[in-house]
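In what follows, a structure is listed as structure tokens, so that the remarks can point back to it.
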Amino acid sequence: MDEDQFPLLSQHLKPEERGVSSPRFSGISILVGNPMGSIKELHKEVFVKIPISTQLAKNFSRFHNESPDSVLKNELDEDGDFMRMQKALDLLPNVPTLGKQPSMDPFVNTTPNITGVYETVKTVLLAPVAVVRMLLIGLLLLVGFLNTKVALIGWEKGGVLQPWRRKLMGFTRLCARGILYCFGFYWIRRVGKPACKDVAPIVVSNHVSFIDPLFYFYELFPSIVSSKAHDRFYLVGTIIRSMQVIPVDKLSAESRKNATLEIKRRAASMEFPSVLLFPEGTTTNGKALIAFKQGAFAPGFPIQPVVIRYPFAHFDISWGDISLCDVLFRMLTQFTNFMEVEYLPVIYPSAREVQNPSEFSDRVRDEMAHALGVPVTEHTHGDLMLSLHARRLCLNSPSNYMVELGRVEKVLGLRAGAVKIFLEKFAAMNPTSCGTVSLNQFVKWHHMPKCWMSKKIFDLFDKSGQGFTTFREFVAVMGSITKSKEFKSQMKAAYDACNLQNSDCISQLELEKCLKLSMPTISSAYVRAWFSKISQHDDGAISWEDFQVFLETNPELLPIFMVGTF
């Protein structure tokens, strides 16, 4: 048996049995064993010698003896100055990880359509009953509205609702219970009891349906935080006003700050009832608790958590990605609907939690999630808006484009508006049905040749090394670059490096020279495409303003322009 003939087998021989210390051959080995057994049970080995070219053997040896980057550098020397390009990439900030994306969608309604024989027959039979129910709801709403108007005569909006007015509102609260009855909530199961105002001045609850505030209006008649837009609702707006609403504009930071101060003022005053808040800030399907807003926890008062469940067999009444009309119709065509309310023990903040409301909110959320038996996520209402926007952009599986905006805002400081712009860009790359973008899609959309620099830029997004990037990874990279403290100064340095003539603008020729420093193989057609994308005016030049807007929209391309600064 010759070692040159069976080089891999020689590795199993004892040192004294070998002719040489290592094989002098490049080939492959085939191991044939018992497919039902383990490696140790191999009963036969066959070694096949396949000649290969000298160059291939040399390359094979290089990849075993040199680092991948070193081999890539040697092979791509013709693609640019490796050291300068690496320095440009090193200027980018470290990209924080956002963790694994939750597999569940907290906003999806699990029974959006009428399916099955039972549901179809029941809907047809109860359609006339739904009409009667709607008429009764309208009548109860009108009666409650008229009673509320009487109770609020002479009352100044935002002031304390006197005891006699609250007693008059008792009749409107009974009308609310009648509306719940019309919706099929004949019995409401309660566990525990609500705490007194002097024990827990603030009440927080999960939010699943528009039924939640209707129930609390009847049960507790608390003071609530509500969007300013609700005040304009016909009939309902007046009734909501009777709950001594704390109005808030979600888009205004000043309004949110004032609302937090008002919550603290009312919680501290015994003239007002308990303050009720839905800290999730939107409705979910009840399968998870999403990120909590801090308004209820910033005052540092004891809080009573309350959890609401809607057990169902045929129709999920959660109001997330389903229209209000569909929810109403399906609710009214059910024989009965079920609701469970559990009042949890009052939670008192520690001295540390008074100073750190986010820790207090996390503890309260964990207690509520434990009672509900559901996980917690960092989704916000903005994630629902991203999902709906993805649907408008005709993207498959819109839930793939929710990124847990609560986490994104904490880690990167990005708001929903900025992430929405990133989504539009990601969608333009034509992601797959799984919501991923490959290297080929990435370079094609950016009009880049497939070279060392374009691959390295894509690797910033492809943290998993699987050859594709998700929208969550895309947001992490885009956000970390744009929020970097050096981003603006780096843009200016890149512009100056491209402006070879030190004039007021960059010409197409100057842009081409700049691009070829990092992408020497870029075609003239691609250069023209870049010039067209950067130049905002038909003046045949790129101004600083044009350049700045382009990089703010495409921050991942900054290293390409930064190569010229070294």
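Count residues from 1 along the sequence. Side chains included, hydrogens not; waters and symmetry mates left out as well; all remaining heavy atoms used.
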* **F312 atom CZ: more than 12 heavy-atom contacts under 6.0 Å** => yes
* Asked: Which word best sums up how the rings of F210 and W319 line up, parallel for under 30°, tilted for 30 to 60°, or perpendicular for over 60°?
  -> perpendicular
* Taking H207 as the fixed residue, which of T284, T283, D212 is the one that meets the side-chain hydrogen bond (donor to acceptor under 3.5 Å, both in side chains) rule? -> D212
* Under 30°, 30 to 60°, or over 60°: which ring-plane class applies to F221 and F217, parallel, tilted or perpendicular? -> perpendicular
* Among M368, R365, E342, which one satisfies side chain to side chain contact (heavy atoms under 4.5 Å, CB included) with P305? -> M368
* In terms of side-chain heavy atoms, does T115 have a donor or acceptor partner in N113 at a distance below 3.5 Å? -> no
* Does the side chain of T172 pick up a donor-acceptor pair with the side chain of T148 at under 3.5 Å? -> yes
* **D198 atom CG, over 12 foreign heavy atoms within 6.0 Å** => yes
* Evaluate whether atom NZ of K483 has more than 12 neighbouring non-hydrogen atoms of other residues, nucleotides or ligands under 6.0 angstrom away. => no
* Asked: Quick one: do the K444 and N430 side chains pair a donor with an acceptor below 3.5 Å?
  -> no
* Is E156 reaching over with its side chain to a backbone N or O of G154, donor-acceptor style, under 3.5 angstrom? -> no
* Using a distance-only test with no angle check, is there a side-chain donor-acceptor pair under 3.5 angstrom linking S205 and Y216? -> yes
* To do: Please report the C-alpha distance between E424 and R392 in whole Å, then the side-chain angles of each, then the deciding distance to 0.1 Å, and finally whether the salt bridge (charged side-chain N to carboxylate O under 4.0 Å, His left out) criterion is met.
  => CA-CA 10 Å; E424 292 170 355; R392 286 191 290 269; over 6 Å; no
* Are any of the side-chain nitrogens in E271 or R265 under 4.0 Å away from the carboxylate oxygens of its partner? -> no
* To do: For K264, look at atom NZ and say whether over 12 heavy atoms of other residues, nucleotides or ligands are found less than 6.0 Å away.
  => no
* To do: Answer yes when R266 and E262 have at least one side-chain N-carboxylate O distance shorter than 4.0 Å, and no when they do not.
  => yes
* Structure fact -> Exactly one candidate in D105, D383, I290 meets side chain to side chain contact (heavy atoms under 4.5 Å, CB included) with T377; the answer is I290
* Asked: Would you say W155's side chain and V160's backbone share a donor-acceptor pair under 3.5 angstrom?
  -> yes
* Short side-chain donor-acceptor distance under 3.5 Å, S255 and N258 -> no
* To do: Applying side chain to side chain contact (heavy atoms under 4.5 Å, CB included), run through F315 and Q334 and close with a yes or a no.
  => CA-CA 8 Å; F315 175 57; Q334 301 295 314; 3.6 Å; yes
* Is atom CZ of F145 surrounded by more than 12 heavy atoms (other residues, nucleotides or ligands) closer than 6.0 Å? -> yes
* Asked: Strictly by modelled atom types, are E280 and H379 linked by a side-chain donor-acceptor pair under 3.5 Å?
  -> no
* **Working for ring pair (Phe, Tyr, Trp, His ring centres under 6.0 Å), residues F442 and F461** => CA-CA 10 Å; F442 183 83; F461 298 92; 5.5 Å; yes
* How about N285 and Y310: does a side-chain donor come under 3.5 Å of a side-chain acceptor? -> no
* To do: With side chain to side chain contact (heavy atoms under 4.5 Å, CB included) as the test, would you mind laying out the steps for F278 and I224 before giving the verdict?
  => CA-CA 9 Å; F278 299 106; I224 64 170; over 6 Å; no
* To do: With side chain to side chain contact (heavy atoms under 4.5 Å, CB included) as the test, would you mind laying out the steps for D462 and F468 before giving the verdict?
  => CA-CA 6 Å; D462 181 21; F468 59 80; 5.6 Å; no
* Output yes when a side-chain donor or acceptor of T333 lies under 3.5 Å from a complementary backbone atom of F329, and no otherwise. => yes
* Asked: Is it true that R190 and E219 have a side-chain N and a carboxylate O under 4.0 angstrom from each other?
  -> yes
* Could you tell me whether K100 and E378 have a side-chain N and a carboxylate O separated by less than 4.0 Å? => no
* For V376 and A369, work out which heavy atoms get closest and say how close. => CG1-CB, 3.6 Å
* With distance as the sole test, does D321 use its side chain to make a donor-acceptor pair with the main-chain N or O of N109 at under 3.5 Å? -> yes
* Asked: Could you go step by step and tell me if L344 and Q304 meet the side chain to side chain contact (heavy atoms under 4.5 Å, CB included) rule?
  -> CA-CA 6 Å; L344 301 179; Q304 181 173 38; 5.7 Å; no
